[in-house]
Amino acid sequence: MKRRLAFEHNFVRSNKESARRKAHDTGASSSSATSAGSDNYDVFLSFSGEDTRRTLADHLYNGLVDAGIRVFRDNDELREGEEIGTNLLQAIKNSKISIPILSRNYASSKWCLQELAHMADCMKSVGHVVLPVFYRVEPAHVRHQIGSFGETFSHLSEKYLEEDVAKWKQALKEVASLKGWESEKTTDGYEGELVKMVVRKVLGELKKAFQLVVTEQLVGIDNAVEDILRLLDDNPSATQIVGIHGMGGIGKTTLAKVVYNKLSDKFQHRSFIADIRESSRRKGISCLQNQLIFDILKMNDQVSNTDEGIRIMESRFKCKKVLILLDDVDLNDQLKALVGKRDWFEMGSRIIITTRIRSVLDEAGVNCKYELKEIAEDKSLILFSRHAFMRDSPPCEFESLSRAVVSTTGGLPLALEVIGSFLCGRNPAFWQDALMKLKEVPHRKVQEKLRISYDELNYQEKQIFLDIACFFIGHYSDFVSYMWDACNFLPRMGIEILCFMSLIKIDYGKLKMHDQLRDLGREIVRQEDYDAPMNRSRLWVPEEALEVLQGNKGILKDRVKALCLHHDFSRREFTTEQFETLPNLRFLEVHNAKLIGDSKGLLPKLRRLKWKGCPAFVPARFCLEKLVHLDLSESDISEFWEGWIHLKVAKRLKSLILRDCHRLEVTPNLSAFRNLKRLVFEG
């Protein structure tokens with residue numbers, strides 16, 4: 001009960017934090033005035049086509065896109081009518097930066113002036129950034145509407161209402177008073193140099209959008225950041241690699257992210273590859289190569305194997321000065337596949353590696369190594385207090401208890417955060433009991449310390465925690481919640497409590513979990529039966545899931561609640577009889593496999609089904625009455641697919657994913673799914 005009260009006391013704080021972290025992803029693209037829609041852009045480019053379409057506007061557009069910046073280019077050739085479209089106004093508002101190229105004939109276009117007025121409004125109302133370029137006109141002439149620019153504006157003004165003209169004048173005055181660039185003076189008319197200057201400025205303004213998410217509760221990290229920066233700057237002209245090593249939960253990733261953020265505006269080509277230890281096993285190293293190649297080259301081509309990825313990077317990265325962060329490496333082969341040799345990159349590149357295993361750095365020939373140690377006791381007390389009391393020091397009545405708890409954590413930031421959150425709002429008697437449990441755990445057994453928080457959760461919260469640890473890290477919390485809600489796990493309250501107790505985080509709407517906590521959750525599941533995976537509730541390792549599905553023919557595996565067969569089992573066949581042995585399965589994920597057999601009504605408790613590359617008869621075999629999430633991505637289905645008939649029984653379906661179903665050109669009849677909240681046709 002006390003924990004519930006503590007949670008409710010901080011419920012608003014947690015909700016505000018969740019809302020603050022909402023964001024969106026961006027990528028390079030172009031568009032026209034008729035297709036702006038509600039998309040989000042980094043830059044809105046406004047210009048007079050008569051003056052600059054084939055010169056500065058075109059050069060600047062391509063320079064920005066080449067730098068990986070998402071640009072909306074107002075194509076004035078496609079305009080119709082006198083009134084500016086609402087999609088154009090929305091494109092300005094949804095962009096982070098507007099760049100008006102103010103030329104003589106800019107003032108001859110009502111559309112351009114309306115765009116400029118909207119930029120000025122957004123600048124005042126939402127902090128929109130406007131970076132003007134004065135193309136062969138002087139800022140003062142724009143500001144006061146004099147000279148050749150004033151003549152053009154005066155001619156236009158005769159056609160429109162005074163109130164419109166007054167608004168345009170005010171916008172011209174405000175925007176022309178901003179610091180910008182004069183094409184004739186800034187670079188003596190060399191447009192290539194001007195483009196470089198504008199791109200650099202835009203990248204600087206967008207730096208926060210490029211930065212990695214780092215907790216606000218940073219304590220005792222400044223000296224380590226300076227040490228890493230000095231190592232990276234030891235030889236500025238060379239490609240420098242620094243490896244940060246230390247025990248799990250000590251803050252290696254946080255330190256590396258802070259350093260990355262400090263350097264990010266100096267590099268056009270950046271990449272952060274997260275959690276390589278886990279991702280390489282789950283997705284394969286080629287998938288991580290694809291991410292790195294896309295981040296650096298903006299190439300969408302998929303490499304099919306590790307050697308192909310190495311050849312592409314070795315040949316195409318040589319002219320790129322890069323900033324790369326490789327997080328949680330545990331094998332030398334991962335480094336060979338992702339960063340190879342220093343001569344893959346242009347001189348001046350910077351590569352940061354985090355690992356728990358120092359020998360990985362030694363094997364890779366990384367000379368600059370930094371061992372991250374536990375934080376000092378005074379800093380530990382501050383970090384602990386921020387999570388336990390929302391302040392930098394404990395209240396007097398908790399000071400001795402706080403110091404005792406801090407001494408048991410050994411200066412490990414993750415333990416300080418989780419245990420501090422766990423004790424928040426508790427009475428001194430509860431603290432005493434927790435302290436006794438902590439003292440029983442050896443210093444280095446981090447997971448056992450963290451388990452104290454897990455043990456305090458109720459049944460539903462534990463199920464959500466274990467599901468996330470085994471399957472759903474990186475998934476959108478809203479959509480996974482459909483399954484938990486259907487299982488009566490009360491996900492809204494459960495997720496908030498897990499966040500409050502620092503057992504999970506929500507970043508950009510996605511579920512995140514520290515790798516130590518992920519490993520804790522998976523170890524808890526393994527402890528259900530170390531010797532027999534068929535007696536565990538969750539099977540996330542493909543080899544173990546396959547063993548359970550194919551072994552012990554006819555024997556019920558009724559303890560299995562969730563099972564994932566992915567990636568490694570393409571073109572494999574499964575029988576309906578194998579699924580008959582899993583009566584309590586509520587989550588199933590299968591990739592590119594066939595299903596043979598005539599059994600029907602399989603998996604009566606199924607709530608979430610993902611069958612990538614689904615064969616036509618799969619829906620007819622499963623019991624779908626309780627299904628709330630269905631993902632049939634990359635399936636060879638059309639609007640005439642016979643499976644739609646069988647799916648009509650899924651009356652509770654809330655989420656339907658049909659990503660990359662290329663034959664599906666017409667929306668099928670979905671009228672049976674009256675509870676549907678999410679529908680994805682992407683690709």
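Because the structure is predicted, anything quoted here is derived from the model rather than measured. Counting begins at 1 with the first residue of the sequence. All values below were derived from every heavy atom in this structure, side-chain atoms included, with hydrogens, water molecules and symmetry-related copies excluded.
- With Asp327 as the partner, the side-chain contact (heavy atoms from CB on, under 4.5 Å) test is satisfied by one option alone out of Ile353, Leu212, Thr354: Thr354.
- Classification of Lys510 and Asp507 as a salt-bridged pair fails, no side-chain N sitting under 4.0 Å from a carboxylate O.
- Cation-pi geometry between Arg350 and Phe267 is not met at under 6.0 angstrom from the ring centre and within 45 degrees of the axis.
- Below 30°, between 30° and 60°, or above 60°: for Phe153 and Trp168 the angle between ring planes is above 60°, a perpendicular geometry.
- Under the 4.0 Å criterion applied to side-chain N and carboxylate O atoms, Asp121 and Lys167 are assigned as salt-bridge partners.
- Rounding to the nearest 0.5 Å gives a distance of 6.0 Å between NE2 of His59 and CD of Glu191.
- By the 4.0 Å N-to-carboxylate-O rule, Arg104 lies too far from Asp51 to be salt-bridged with it.
- Using modelled atom types and a 3.5 Å distance limit, the side chains of Tyr41 and Asn94 yield no donor-acceptor pair.
- Ion pairing between Glu193 and Lys196 holds under the 4.0 Å rule for side-chain N and carboxylate O.
- A salt bridge links Asp42 with Lys96: the distance from a Lys NZ or Arg NE/NH1/NH2 to an Asp or Glu carboxylate oxygen falls below 4.0 Å.
- Ion pairing between Glu417 and Lys505 holds under the 4.0 Å rule for side-chain N and carboxylate O.
- Counted within 6.0 Å of NZ on Lys318, heavy atoms from surrounding residues, nucleotides or ligands total more than 12; the atom is thus considered enclosed.
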Verdict with reasoning, Asp58 to Arg53, per salt bridge (charged side-chain N to carboxylate O under 4.0 Å, His left out): CA-CA 6 Å; Asp58 186 62; Arg53 181 182 298 111; over 6 Å; no
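- For the pair Asp275 and Arg518, the salt-bridge criterion is met [side-chain N within less than 4.0 Å of a carboxylate O].
- With respect to the salt-bridge test (charged N to carboxylate O, under 4.0 angstrom), the residues Arg277 and Asp515 qualify.
- The 12-atom threshold is exceeded at CZ of Arg342, counting heavy atoms of other residues, nucleotides or ligands nearer than 6.0 Å.
- Between Glu314 and Lys341 no salt bridge is recorded (no basic side-chain N to carboxylate O distance below 4.0 Å).
- Using the six-membered ring where Trp is involved, Tyr482 and Phe479 have ring planes that are tilted, between 30° and 60° apart.
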